[in-house]
There are 2 protein chains.
Amino acid sequence: MSDHEQQPLPPTPHQSGDALPPVEQHAQQYETVRNAHETELIEDYVELIGDLLRHRGEARAADIASRMSVSQATVSKMIRRLNELGLVTSRPYRSLFLTQEGQQMAETSRARHDIVLHFLRALGVRDTTARIDAEGMEHHVSDETLAIMQRFTEEHQP
Amino acid sequence: MSDHEQQPLPPTPHQSGDALPPVEQHAQQYETVRNAHETELIEDYVELIGDLLRHRGEARAADIASRMSVSQATVSKMIRRLNELGLVTSRPYRSLFLTQEGQQMAETSRARHDIVLHFLRALGVRDTTARIDAEGMEHHVSDETLAIMQRFTEEHQP
DNA sequence: AATAATTGTTAGCCTAGGCTAAACTAATTG
DNA sequence: CAATTAGTTTAGCCTAGGCTAACAATTATT
């Protein structure tokens with residue numbers, strides 16, 4: 001075999017896109033995302049439970065399962081975790097309730113979610129799309145950006 | 001024990017926030033997010049490898065590990081997966097390369113990432129924050145929203 | 001050339017978050 | 001009130017994505 005190997009090339013001079021950030025900053029970006037992922041699901045559950053309590057008066061495991069389209073077993077397991085984390089109280093075969101701390105988290109999540117959703121709509125995104133995007137984005141928007149989104153929304157549809 | 005149990009309450013009449021979406025739509029929101037999570041990491045790796053190749057001329061496992069701040073073992077395992085998925089070619093102790101398909105994915109990811117990043121900056125978000133938020137948001141922004149972001153950016157700083 | 005340092009791989013462990021199947025409890029209805 | 005249906009839980013399995021520790025290969029240094 002002669003040297004037809006793939007060889008590293010010199011960096012492309014006409015760089016499209018930005019330069020690479022310094023290693024520490026770059027690393028921090030990924031770390032932040034990983035951290036968000038850890039709390040994301042927890043927050044989604046708590047937020048949904050809060051919504052169900054508010055709109056329906058009760059939050060049953062079966063509702064959560066169908067709204068999240070996961071199995072009831074998955075929900076049951078998750079509820080145990082939320083319990084251990086002190087976010088919900090539950091008794092077998094009864095509606096769930098949020099603890100003080102859980103309510104706090106639900107409100108915060110709900111508020112973030114609404115800000116992002118309203119912002120997207122104000123930007124001109126269709127409702128269905130906005131809802132989907134907001135669900136994914138809400139956990140990755142910093143307080144700084146959130147504040148800017150809120151201001152934008154207020155200014156663009158009073 | 002007398003009946004001091006926590007009881008479900010009637011739905012709050014003064015609803016803050018929106019009403020609950022119909023179950024199917026609600027479920028689809030969460031499904032979309034779950035699907036995004038599955039491809040997210042893969043795309044991040046491929047995108048980073050593309051960036052390293054472009055800016056540095058080569059992409060070594062050690063660089064990926066430090067830029068993502070994960071262990072080299074984790075990177076090594078992931079590279080095997082990327083290989084199996086036909087996204088990269090690798091030989092031990094040599095730089096990684098992207099396959100045709102990998103390059104395609106890297107470009108798409110990079111483009112999305114840039115649009116989100118530039119949009120955030122155009123909105124007025126500070127650079128460091130914008131980078132962090134963009135890293136988390138990019139995988140959750142629909143094509144529709146992406147197009148709107150791009151238009152916004154063009155109009156707000158040419 | 002020998003040794004040291006860097007880089008990469010492998011093995012084995014852990015947690016989170018899915019799933020199905022089976023068992024149990026509560027509610028509804030014949 | 002017995003039986004069916006609906007809701008919940010438990011057990012056990014799987015994959016992804018982290019980790020550390022030990023080892024192997026390459027590259028750099030003396």
Side-chain angles (χ1 to χ4, degrees), chain A residues 5 7-8 23 27-46 48-49 52 56-85 87-97 135-136 139, chain B residues 5 7-8 23 27-28 30-46 48-49 52 56 58-85 87-97 135-136 139:
Chain A
E5 296 193 351
Q7 283 298 330
V23 187
Q28 203 217 320
Q29 293 173 207
Y30 291 109
E31 275 172 37
T32 305
V33 175
R34 276 200 303 277
N35 291 341
H37 281 157
E38 280 179 26
T39 49
E40 205 165 316
L41 236 209
I42 304 282
E43 285 175 13
D44 281 345
Y45 270 86
V46 169
L48 177 55
I49 292 167
L52 287 170
R56 291 266 188 283
E58 61 172 12
R60 313 297 300 250
D63 297 353
I64 299 174
S66 59
R67 286 199 173 261
M68 290 205 164
S69 74
V70 295
S71 72
Q72 296 195 335
T74 297
V75 173
S76 196
K77 196 192 269 194
M78 198 62 184
I79 290 172
R80 203 186 325 142
R81 271 198 72 203
L82 297 177
N83 240 308
E84 288 161 6
L85 292 171
L87 295 167
V88 309
T89 58
S90 68
R91 294 201 328 264
Y93 305 98
R94 290 282 174 277
S95 172
L96 295 166
F97 295 96
E135 189 61 62
H139 306 282
Chain B
E5 298 191 350
Q7 285 297 331
V23 187
Q28 202 216 321
Y30 290 110
E31 276 172 38
T32 305
V33 175
R34 276 200 301 276
N35 291 340
H37 281 157
E38 280 178 26
T39 47
E40 207 166 313
L41 236 208
I42 304 282
E43 285 175 13
D44 281 345
Y45 269 85
V46 169
L48 177 54
I49 292 168
L52 287 170
R56 291 265 190 282
E58 62 172 10
R60 313 296 300 252
D63 297 354
I64 298 174
S66 59
R67 286 199 172 260
M68 290 206 164
S69 75
V70 294
S71 71
Q72 292 190 200
T74 297
V75 173
S76 196
K77 197 192 268 193
M78 197 62 184
I79 289 173
R80 203 185 324 142
R81 271 199 72 203
L82 297 177
N83 239 308
E84 288 161 6
L85 292 171
L87 294 167
V88 309
T89 59
S90 69
R91 294 200 331 262
Y93 304 97
R94 293 282 173 277
S95 174
L96 295 166
F97 296 96
E135 189 61 62
H139 306 283

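These numbers come from the heavy atoms of this one structure, side chains and all, not from hydrogens, waters or symmetry mates. Letters A, B, ... are given to chains in the order of the sequence lines, protein chains preceding strands, and every chain is numbered from 1.
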Please list, chain by chain and in numerical order, all residues satisfying side-chain contact (heavy atoms from CB on, under 4.5 Å) with [X], sequence neighbours excluded.
| X | result |
| --- | --- |
| B:Thr39 | B:Glu43 |
| A:Ala73 | A:Ser71 |
| A:Gln29 | A:Pro21, A:Gln25, A:His26, B:Arg131, B:Ile132, B:Glu135 |
| A:Asn35 | none |

Quick one: is B:Arg60 getting a side-chain N or O under 4.0 Å of the C:dG8 phosphate, OP1 or OP2?
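For C:dG8, OP1/OP2 do have a side-chain N/O of B:Arg60 under 4.0 Å.
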
Check this one for me: any side-chain N or O of B:Arg94 less than 4.0 Å away from OP1 or OP2 of D:dT27?
yes

For residues 59-84 of chain B, which residue pairs pass the salt bridge (charged side-chain N to carboxylate O under 4.0 Å, His left out) check, not counting sequence neighbours?
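For residues 59-84 of chain B, and leaving out neighbouring residues, the salt bridge (charged side-chain N to carboxylate O under 4.0 Å, His left out) pairs sorted by first residue read B:Glu58-B:Arg60.
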
[X] [atom1] - [N] [atom2] separation (whole Å):
| X | N | atom1 | atom2 | result |
| --- | --- | --- | --- | --- |
| A:Tyr93 | C:dA27 | OH | P | 11 Å |
| B:Asp63 | C:dT7 | CG | P | 8 Å |
| A:Asn83 | D:dT10 | CG | P | 11 Å |
| B:Leu82 | C:dT9 | CG | P | 12 Å |

Among the candidates C:dT10, C:dT9, C:dT7, find the nucleotide nearest to the side-chain atoms of B:Pro92.
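The closest nucleotide is C:dT9.
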
Side-chain contact test, heavy atoms from C-beta onward, threshold under 4.5 Å: evaluate it for A:Met78 versus A:Ile64 and give yes or no.
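A:Met78 does not reach A:Ile64 side chain to side chain.
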
Reading 5' to 3' through nucleotides 14-20 of chain D, protein heavy-atom contacts under 4.0 Å coded B for base, S for sugar-phosphate only, - for none:
--SBBBB

